[in-house]
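Accompanying notes for the structure given below.
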Number of protein chains: 2
Amino acid sequence: MSSLERLLSVLDLFTEERPIWTLEDIIETHSFSRSMAYRYVKELSDSGLLMPIGRGRFVLGPRIIELDRQIRVCDPLLAVSQSIMLSTIEEVGDGILTLSSLYGERIICTHQEPESSPLRVTHSRGRTLPLFSSSTSRAIVANLPERKLVKLFLEHRPEISAGGLGNEWAEFKKKLAEIRRAGICLSHGAIDPGVVCAAVPLFNGKSNVVGAICLVQADQGREISRRDKDLVRAAAARISEGVGNLLSQDVMKPLPQKAAGPFLANAGVALAEV
Amino acid sequence: MSSLERLLSVLDLFTEERPIWTLEDIIETHSFSRSMAYRYVKELSDSGLLMPIGRGRFVLGPRIIELDRQIRVCDPLLAVSQSIMLSTIEEVGDGILTLSSLYGERIICTHQEPESSPLRVTHSRGRTLPLFSSSTSRAIVANLPERKLVKLFLEHRPEISAGGLGNEWAEFKKKLAEIRRAGICLSHGAIDPGVVCAAVPLFNGKSNVVGAICLVQADQGREISRRDKDLVRAAAARISEGVGNLLSQDVMKPLPQKAAGPFLANAGVALAEV
DNA sequence: ATTAAAATGTCAATATATGAGATTTTTGTA
DNA sequence: TACAAAAATCTCATATATTGACATTTTAAT
């Protein structure tokens, strides 16, 4: 285990159920030596990923918010997707459209359009989806290179089996091939009850999957309409094309330039006034 | 320089002006060896802090969005501040109230209330403020322990001098003491023209500064009113008290429990349908 | 001011990161 | 589909940065 992994594993401790951690508890759960624990939380605090709030207690730090803003303002994948997602969900006229990506073995929802909706779903910005049982996950996983699929199958056999994706490698592979060929993955109530989904994978121009978009609608007894499915497919195709374009253009000056307004020189700050 | 610093310094490359980086360019700017650069971006990608989009190109990764959600949903500092900030800005009836924190040598705005406003200001969630010239920064810096101030003074003498905070250590120290004593720091057009600010530091119960709140209003020729300043002071006092309470309570079960709705077992995901 | 606790610094041992090159995998083109 | 070129990963000896016990300093409490 590399030292980066050890360090970042500290961040994994911070959950909704337990957003504050003391040094003592970090030492216990990770069996760090005392000096190492001090060093780690100091490095993480200096980099802003953690923030000390006093008495040996820590919460997630402001650097995360800064990096998140960076993504919101100018992430190229988001820039390509956002307007397409917005116009698509407007044309569909009902439901939410989500954008998700894979890292390590987690699927994360990174954007949704519209930002708020009466539909209350698990799919929402920043949330994790299960690796095998959501339509979004399946749309992505089905398009992963075989080498990664072998690894996933070996390490997640129980979940794959429970999710109905097959008990043997051959079966798993065959089912994923079906999803891949269909180009769309549907579900009803897989993650949230009362909701139906249609997920389509996104590629970087070529054949590398970089994520998926998913249309989520209230379950009204019938399937997502043919028309809506086609709209989602069309949106995915346009996004994939856009991502492909990112790869051909020169990286040095993509400059979306949203006129971010640089800081002005300090005009006049009162030192202290009451 | 530790290997964590080296690794995280890669994240600093990703700016609004240049949100995509190739492996080649990372190697050049950091003068990493080829193998090390591959290793670094792989580690960062595996942890989700970077995301490969193909052809050796990288953007900031989805783990950041996941961590940001964690903060939005259950950060204790935010939980304590949010309702106080909202009710305060409603009572003030005009402007924006921001919450900022320090890490390393950056001041970051971590929250604002209301979320959107006709007032277009630099102060907004995720943005960095200059260390010495904004009222928010000064409210925080003035309350840092002397040891840190010495370091800041030595390393930022030009900016401190340019910002009118003194040319010599004694002068710097004296001016900060004034700000500290006043308990509030005012500015007009320091960062954004046409805007006036009043910032009050936040403490963790005791004397450790953990951030500042700042009232931002359109500049209408006159100062922020005595009443508004008092409202901000009162809000800061309540937040400081709340943060102090975080330190005394048992950390094991703070459980804000916003009923986050766990995933349901997969009810029925169609394998692939058209 | 005094004591206790918390945080940081010191240093030798050693585990881990490093970089050059070999090897494998992926991509582009016929 | 096969082939060549490029990209990404793996290997391994070396050097260096990490580690942990302990000493020291700093901070907090009475």
Side-chain angles (χ1 to χ4, degrees), chain A residues 1-10 21-28 30-47 50-58 104 143-151 203-210 240 243-244 246-248 251, chain B residues 1-10 20-28 30-47 50-58 104 143-151 203-210 243-244 246-248 251:
Chain A
M1 200 188 204
S2 74
S3 65
L4 175 81
E5 281 179 274
R6 260 192 300 274
L7 256 154
L8 293 185
S9 72
V10 172
W21 280 78
T22 66
L23 189 87
E24 297 302 326
D25 292 336
I26 293 173
I27 291 173
E28 260 189 57
H30 274 73
S31 54
F32 288 154
S33 77
R34 185 155 291 269
S35 6
M36 278 298 103
Y38 272 111
R39 258 188 280 251
Y40 279 165
V41 297
K42 187 167 194 308
E43 288 197 69
L44 288 168
S45 302
D46 287 347
S47 70
L50 286 186
M51 175 174 173
I53 56 170
R55 304 222 327 157
R57 285 165 159 81
F58 295 85
N143 289 280
L144 253 23
E146 179 148 337
R147 202 173 43 79
K148 282 195 184 172
L149 286 181
V150 173
K151 192 164 160 278
F203 301 91
N204 63 356
K206 300 276 168 188
S207 57
N208 298 320
V209 63
V210 294
S240 294
V243 176
L246 291 178
L247 302 188
S248 49
V251 129
Chain B
M1 199 188 205
S2 73
S3 64
L4 174 82
E5 280 179 274
R6 262 191 300 276
L7 254 154
L8 293 185
S9 72
V10 172
I20 305 182
W21 280 78
T22 66
L23 189 85
E24 297 301 327
D25 292 336
I26 293 173
I27 289 174
E28 260 188 57
H30 274 74
S31 55
F32 289 153
S33 76
R34 186 155 290 272
S35 3
M36 275 299 102
Y38 272 113
R39 258 189 279 251
Y40 279 166
V41 298
K42 186 167 195 306
E43 288 196 70
L44 288 168
S45 302
D46 287 348
S47 69
L50 286 186
M51 177 173 170
I53 57 170
R55 303 224 327 161
R57 283 165 161 82
F58 295 85
N143 288 281
L144 254 23
E146 178 149 337
R147 204 172 43 79
K148 282 194 183 169
L149 287 181
V150 172
K151 192 164 159 275
F203 301 91
N204 63 358
K206 299 278 170 189
S207 57
N208 298 319
V209 62
V210 294
V243 176
L246 291 176
L247 303 187
S248 50
V251 126

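Each chain gets a letter, A, B and so on, in the order its sequence line appears, and its residues count up from 1.
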Set out, in order, the CA-CA distance, both residues' side-chain angles and the distance that settles side-chain contact (heavy atoms from CB on, under 4.5 Å) for B/Val41 and B/Phe58, then state yes or no. CA-CA 8 Å; B/Val41 298; B/Phe58 295 85; 3.7 Å; yes
Chi angles and distances behind the salt bridge (charged side-chain N to carboxylate O under 4.0 Å, His left out) call for A/Arg34, A/Glu24: CA-CA 8 Å; A/Arg34 185 155 291 269; A/Glu24 297 302 326; 2.9 Å; yes
Begin from the C-alpha positions of A/Ser47 and B/Glu5 and carry the test side chain to side chain donor-acceptor pair (under 3.5 Å) through to its verdict. CA-CA 8 Å; A/Ser47 70; B/Glu5 280 179 274; over 6 Å; no
Check against side-chain contact (heavy atoms from CB on, under 4.5 Å), A/Arg6 and A/Tyr40: CA-CA 9 Å; A/Arg6 260 192 300 274; A/Tyr40 279 165; 3.0 Å; yes
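Contact check for A/Phe32 versus A/Val10: side-chain heavy atoms found under the 4.5 Å cut-off. Side-chain atoms of B/Val210 and B/Phe203, non-hydrogen and from C-beta on, never get closer than 4.5 Å to each other. By the 4.5 Å heavy-atom criterion applied to side chains, B/Ser9 and B/His30 are counted as neighbours.
Position along DNA chain D of the nearest nucleotide to B/Ser2 versus B/Glu24 favours B/Glu24 as the more 5'-ward residue. Where A/Arg55 and B/Leu4 meet DNA chain D, the nucleotide closest to each residue was compared, and B/Leu4 sits on the side nearer the 5' end. In terms of position on DNA chain C, the residue among A/Asn208 and B/Ser35 whose nearest nucleotide sits closer to the 5' end is B/Ser35. Taking the nucleotide of DNA chain C with the nearest heavy atom to each of B/Arg147 and A/Arg147, the more 5' of the two is matched to B/Arg147.
Bounding nucleotides for the chain B contact on DNA chain C, 5' to 3', at a heavy-atom distance below 4.0 Å, are C/dT18 to C/dA20. If you walk DNA chain D from 5' to 3' and mark each nucleotide with an atom closer than 4.0 Å to a heavy atom of chain A, the marks span D/dT19 to D/dA21.
Using a 4.0 Å heavy-atom cutoff across all strands shown, B/Phe32 reaches no nucleic acid atom at all. Using a 4.0 Å heavy-atom criterion, one finds that B/Arg39 contacts the bases of the nucleic acid, with or without backbone contacts as well.
Not counting sequence neighbours, B/Glu28 has no partner by the side chain to side chain donor-acceptor pair (under 3.5 Å) test.
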